[in-house]
Amino acid sequence: MSRLVVVSNRVGLSRDVGGGAVGGLSAAITAALRQNQGVWFGWSGETTPQYTGQLSLDRIGDVTVAKVDLEPQDVEDYYNGYANNTLWPLFHNRLDLTNFSRAYAAGYARVNQRFAEALQALIAPGDTLWIHDYHLIPLAAELRKLGCTNRIGFFLHIPWPARQLFTTLPSHEKLVAQLFDYDLVGFHTAEWLSAFTGYLRNEKGLEVGDDGVVEAFGRTTRLGVFPIGIHTADFASENASEASIDAQKRTEKSLAGRQMIIGVDRLDYSKGIEERFLAYEQYLQDHSEAREKVFMLQIATLSRDAVEAYQDMRNRLDAIAGRINGHYGTLDWVPLRYVNSGYRQDELAGIYRAARAALITPLRDGMNLVAKEYVAAQDPADPGVLILSRFAGAAAQMKAALIVNPYDRDEMAEAIHRALTMDLTERMLRWRELKAGLDAENLDHWWQGFLEALADRPKPCPRMVRVGGTAP
Ligand code: GDG
């Protein structure tokens with residue numbers, strides 16, 4: 001197989017964390033790279049007063065890690081700006097938080113051009129390139145301008161928005177045209193793909209062939225659905241590790257016989273943490289018999305703290321958590337524990353196992369790996385119950401969960417009650433179905449499926465309606 005060059009905004013592989021990756025995307029990319037002897041390129045997370053394009057190279061196991069520093073203005077316009085203040089809120093249906101700024105758009109274009117120039121030095125003729133996520137949509141177009149003819153695939157980790165929302169973006173057509181410089185574009189679910197093809201159909205009069213091939217802007221690409229999974233085998237060994245068992249025991253001890261509900265998220269408004277707290281409050285109000293017998297732990301690791309919308313959300317969450325604890329708490333019972341610190345993955349597995357239910361209720365989420373990790377961490381003989389938002393990409397696969405509408409507080413409160421009173425037989429039946437799904441569509445299935453499809457270059461398809469012209 002050809003060498004694999006992966007590009008993502010940040011590189012998740014580092015010596016600082018013992019060569020192990022933290023988080024969903026990082027773990028997934030690491031798994032793909034380890035088996036393909038590749039290169040992982042991205043922003044170092046550091047700034048330099050003046051951009052030099054200087055690559056810092058490191059070798060971790062079989063993987064070459066290559067990073068560049070960015071200027072502070074780049075970070076402001078490209079990362080905090082266009083990526084996290086424009087595309088992220090827009091793609092998560094938060095038009096109210098979306099900031100359309102020409103300076104952001106210019107920064108996004110500039111950094112993608114800089115990345116392409118820096119990356120060019122690393123690419124050999126037979127390499128396969130795999131670009132990840134919304135930060136880097138224009139990267140293939142920039143590489144093509146520099147003469148790169150390698151196979152390039154793109155995977156979007158977040159949802160694709162409905163056309164009515166997407167067309168509010170001033171440069172929507174340009175962004176779509178840039179995707180046609182990839183040989184393959186992957187989405188997590190059929191729903192996100194269908195939102196994208198809906199745009200092509202309604203805005204450009206294009207139909208996509210049964211093989212996913214579509215031609216437009218003078219170029220041909222292929223579209224596909226590749227739901228990301230987790231490494232269930234790794235979870236099995238993590239479950240048995242000392243750190244995991246220790247975390248489970250400590251958590252169980254602190255519960256003092258109470259049932260625990262767990263939520264784990266990056267602190268982000270798309271994750272529905274506020275709505276979740278309010279639903280838990282509703283549950284405590286509706287079920288006085290459960291008070292002092294239940295306990296909710298919300299782990300919400302800080303992210304994107306430089307973006308104002310995230311600071312506002314933190315303040316609101318602090319207030320709601322304080323109100324719930326102030327109103328319902330007693331001398332020896334804190335109904336809601338809300339922590340912003342991060343935990344190791346093996347500790348998390350132990351904490352998941354101690355939880356009778358997980359409330360994974362994003363308002364919109366590309367996939368959501370925590371839902372899968374919770375299931376993988378359960379004791380098969382006494383599994384907990386997954387309560388999952390219908391708006392997480394994972395809901396398309398995890399139908400044996402209790403599926404809820406996170407905007408419906410009453411329904412969520414009922415689901416909590418149902419999960420905490422569910423008998424062992426039903427819990428086991430649901431868990432087995434969920435676990436079988438995780439095993440069948442695991443992490444290897446995801447990256448292997450994507451790379452196999454990418455190796456199979458799209459051919460122009462006679463059934464395609466061709467829309468001429470060049471990229472705007
Ligand atoms: C994007 C999309 C899509 C969380 N806290 C800790 C910790 N985590 C890990 C979880 C999980 C990962 O972070 C979060 O992944 P998610 O999938 O839930 O969410 P995003 O970060 O928003 O990821 C998402 C994903 O990309 C992959 O395509 O599923 O829809 O938004 O793995 O375990 N990990 C550790 N300590 C923590 O405290 N070690």
Side-chain angles (χ1 to χ4, degrees), residues 6 8-10 12 14 16-18 20-32 83-84 87-89 91-94 130 132-135 154-161 186-189 191-192 225-232 234-235 238 241 243-244 247 262-273 297-304 310 338-352 355 358-377 386 388-389 391-398 438 441-443 446-447 450:
V6 170
S8 59
N9 173 58
R10 293 296 301 277
S14 110
D16 307 339
V17 287
V22 174
L25 189 149
S26 303
I29 295 177
T30 304
N84 289 329
L87 294 183
W88 178 273
F91 281 42
H92 287 88
N93 288 0
R94 292 299 301 268
W130 191 3
H132 290 262
D133 232 0
Y134 60 102
H135 314 82
F154 176 81
F155 189 81
L156 184 70
H157 288 261
I158 64 176
W160 188 271
F187 301 86
H188 278 311
T189 68
E191 194 177 335
W192 312 146
V225 172
F226 305 90
I228 198 167
I230 61 166
H231 222 303
T232 43
D234 278 1
F235 253 86
E238 241 158 40
S241 79
S244 177
I262 182 101
V264 176
D265 308 83
R266 229 174 9 79
L267 191 54
D268 194 289
Y269 47 79
S270 66
K271 302 292 183 183
I273 305 171
L297 172 62
Q298 174 66 51
I299 297 173
T301 38
L302 297 184
S303 78
R304 304 175 196 169
Y310 289 75
Y338 165 51
V339 296
N340 295 131
S341 46
Y343 291 82
R344 288 162 42 129
Q345 197 75 48
D346 48 7
E347 284 177 324
L348 270 185
I351 299 170
Y352 288 145
L359 257 183
I360 312 294
T361 53
L363 306 179
R364 194 165 164 87
D365 213 335
M367 173 56 72
N368 196 299
L369 292 173
V370 174
K372 297 188 171 185
E373 291 163 1
Y374 174 75
V375 169
L386 173 65
L388 180 63
S389 162
F391 303 121
Q397 295 169 295
M398 305 184 84
L438 292 188
E441 296 188 307
N442 66 12
L443 190 52
W446 172 73
W447 68 259
F450 186 91

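Note that ligands are numbered from 1 as they come in the structure, with each ligand's atoms numbered from 1 the same way. Worth knowing before you read on, the calculation uses all heavy atoms, side chains too, and leaves out hydrogens, waters and symmetry mates.
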Check whether any side-chain N or O of [X] sits under 3.5 Å from a backbone N or O of [Y] as a donor-acceptor pair, and report yes or no.
| X | Y | value |
| --- | --- | --- |
| Asp133 | His135 | no |
| Tyr269 | Arg94 | no |
| Arg364 | Phe91 | yes |

Which atoms of ligand 1 are found less than 4.0 Å from any heavy atom of [X]?
| X | result |
| --- | --- |
| Ile228 | 28 (O) |
| Gly342 | 38 (O) |
| Val264 | 4 (C), 5 (N) |

* Among Thr301, Asn368, Leu348, which one has a heavy atom closest to atom 7 (C) of ligand 1? ->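 That would be Leu348.
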
* Asked: Hey, looking at atom 20 (P) of ligand 1, which of His157, Gln345, Lys271, Lys372 has the closest heavy atom?
  ->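 It is Lys271 whose heavy atom sits nearest to atom 20 (P) of ligand 1.
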
Given that the side chain starts at C-beta and the backbone is N, CA, C, O, which of these parts of [X] lies under 4.0 Å from ligand 1, counting heavy atoms, or is it both or neither?
| X | answer |
| --- | --- |
| Val370 | both |
| Arg266 | side chain |
| Trp88 | side chain |

* To do: Side-chain contact test, heavy atoms from C-beta onward, threshold under 4.5 Å: evaluate it for Leu443 versus Ile228 and give yes or no.
  =>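 They are in contact (side-chain heavy atoms under 4.5 Å apart), so the answer is yes.
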
* Would you check if Ser270 and Pro362 make a side-chain contact, meaning some heavy-atom pair closer than 4.5 Å? =>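 The answer is no; the side chains never approach within 4.5 Å.
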
[X] N/O under 3.5 Å from ligand 1 N/O:
| X | result |
| --- | --- |
| Glu373 | yes |
| His188 | yes |
| Leu369 | yes |
| Asp365 | yes |
| Gly366 | yes |
| Phe155 | no |

* Asked: Which atom pair, heavy atoms only, marks the closest approach of Lys372 to Gly229?
  ->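 Residues Lys372 and Gly229, closest heavy atoms: NZ-CA, 4.0 Å.
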
* **Test applied, side chain to side chain contact (heavy atoms under 4.5 Å, CB included); reference residue, Gln298; option that passes from Asn340, Asp265, Val264** =>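 That would be Asp265; it is the only one of Asn340, Asp265, Val264 passing the side chain to side chain contact (heavy atoms under 4.5 Å, CB included) with Gln298.
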
* Is the gap between the ring centers of Phe155 and His188 under 6.0 Å? ->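 Yes, they do, as the ring centres are separated by less than 6.0 Å.
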
* Pick one: which of Trp130, Phe226, Phe187 meets ring-ring contact (aromatic ring centres under 6.0 Å, His included) with Trp446? ->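 Passing option: Trp130.
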
